[in-house]
Protein chains: 2
Amino acid sequence: MNSAANALLTTEEPTETGAQQIRDAIRDAIVERRLSPGTKLSESDVGNLFNVSRTLARAALQALSYEGLVSVEKNRGAFVAYPSPDEARQIFAARRLIEPGILREAAARITTSEIQHLRQLLLEESRLISERGQTARRAEIKASGDFHLTLAAISGNTIMQRFMEELVARSSLVIALYGQSTISSCGHNEHGDIVSAIEAKDLDRACHLMLHHIAHIEADLDLRERKGQGLKEAFDL
Amino acid sequence: MNSAANALLTTEEPTETGAQQIRDAIRDAIVERRLSPGTKLSESDVGNLFNVSRTLARAALQALSYEGLVSVEKNRGAFVAYPSPDEARQIFAARRLIEPGILREAAARITTSEIQHLRQLLLEESRLISERGQTARRAEIKASGDFHLTLAAISGNTIMQRFMEELVARSSLVIALYGQSTISSCGHNEHGDIVSAIEAKDLDRACHLMLHHIAHIEADLDLRERKGQGLKEAFDL
DNA sequence: GCGCAAATAATCGTATACAATTTGATCGCC
DNA sequence: GGCGATCAAATTGTATACGATTATTTGCGC
């Protein structure tokens, strides 16, 4: 995330308690796909990795399980979430349900400086698309999500913002699991079109574009049920 | 919650780990208003109360803070959340944003047995309204929320269901703080009207009624900013 | 009597220790 | 050689202990 986006998206105080730092670090790793779905996150390993005790590692993993990014199984341990096709559909259904509303709210309150900010985000995004390398790909994934999160931030409803953060992060997991094309961003500049519609005060069109945008992302997924998924999962590890 | 509602709303496995039991117990106490906003929840006290160590008490409080029902202040402790007027507005804005969508989804998938279930819920609710006593009041509060939660459950989207659980619980806190009339349920049987509209397959009307219903609840609040709120809070303790 | 400072008490933040459960392996038996 | 039971290793669940931070009270000076 670039610092400009950071300014709009972060609302927390500077002093984070240890567990939160670890939680954020692991979350970033999951969202940027450095950690694959199903990966085991043992409390000891996490603790050693960050040089803290199991207490903090456990707290971080618990927090991530509330966000749906990690699934903790009683007496078995924590794993990077492995969302089922049905779960994936629910995530995108939720996004289709709430993002139009967020968009309308955001469009009603948006300032010219915030529009500029969005445009700057798009510029950064397209620059990353043209770049090569794993680092650029990861940054692109994050930037793509930041567009939606920034809209939520502009809407001014911190509750919906937090909910969108969860949905965007989980979407990243779903795309990592079921995405077909190498990169989810379509050839069309759909984010840019949405900003243009907002700028033109054409809310209906903006919502329409948003719904299509979400549909496009979902269309790139292969959500067919794997037969014996539980078994396959074990083999793939 | 009666056992019938329980059958539709609960999705968890029977064996809960200790912290979850404590979390649920405290959440119920908050939602049923046995715990007032601002009440201090010290880790030691909670632990002693449930005969567990601070570790579990802390985990439960952390979980509740993720749900927005408890606010933990670094090095100061945990308190039953004391939502600001602005926060209250955001909670209801979020409900206006998502409940129509949930309602449409639920109406599309609802079965006759689920409609019967809803009607039974309404019956129970009206019975509680006519009854006297604190116990009945608490049950009524819960029943009123269960109507919205049951709709979310019927919608089939567990993610939206969980989000609604959070919003309904936080709404209870807001009403406890800012509600003016002794009881939030209006004279009109608004829940019943919504079910009727669903039954008649008149979705637009059902959504319209839902929005009005939420607006009515919000209209009963006095969300004017209290001057010196922080001080007042201290005195009220 | 009032205000300020230092000591005291209470509470949280984190680490470590022990108990319980699960997983994997070794050994014996069929 | 295959199968089952028992045992060992690893991991989680929970409790306790200690250090750090904050709130309170006490005592002194004015």
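Hydrogens, waters and symmetry mates play no part in the numbers below; they use all other heavy atoms, side chains included. Below, read A as the first sequence line, B as the second, and so on, with proteins coming before strands; counting in each chain starts at 1.
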**Request:** Give a yes or no on whether a salt bridge exists between E67(A) and R170(A), defined as a side-chain N under 4.0 angstrom from a carboxylate O.
**Result:** no
**Prompt:** Are E131(B) and R127(B) ion-paired here, with the side-chain N under 4.0 Å from a carboxylate O?
**Reply:** yes
**Donor-acceptor pair between S155(A) and Q161(A) side chains, under 3.5 angstrom** = no
**Message:** Rounded to whole Å, please give me the gap between CZ in F79(B) and C1' in dC12(C).
**Reply:** 11 Å
**Item:** Reading 5' to 3' through nucleotides 9-22 of chain D, protein heavy-atom contacts under 4.0 Å coded B for base, S for sugar-phosphate only, - for none
**Value:** --SBBBBBB---SS
**Message:** Between D146(B) (side chain only) and L149(B) (backbone N and O only), is there a donor and an acceptor less than 3.5 Å apart?
**Reply:** no
**Message:** Applying ring-ring contact (aromatic ring centres under 6.0 Å, His included) as the test, list every pair that has at least one member in residues 25-59 of chain B; sequence neighbours left out.
**Reply:** none
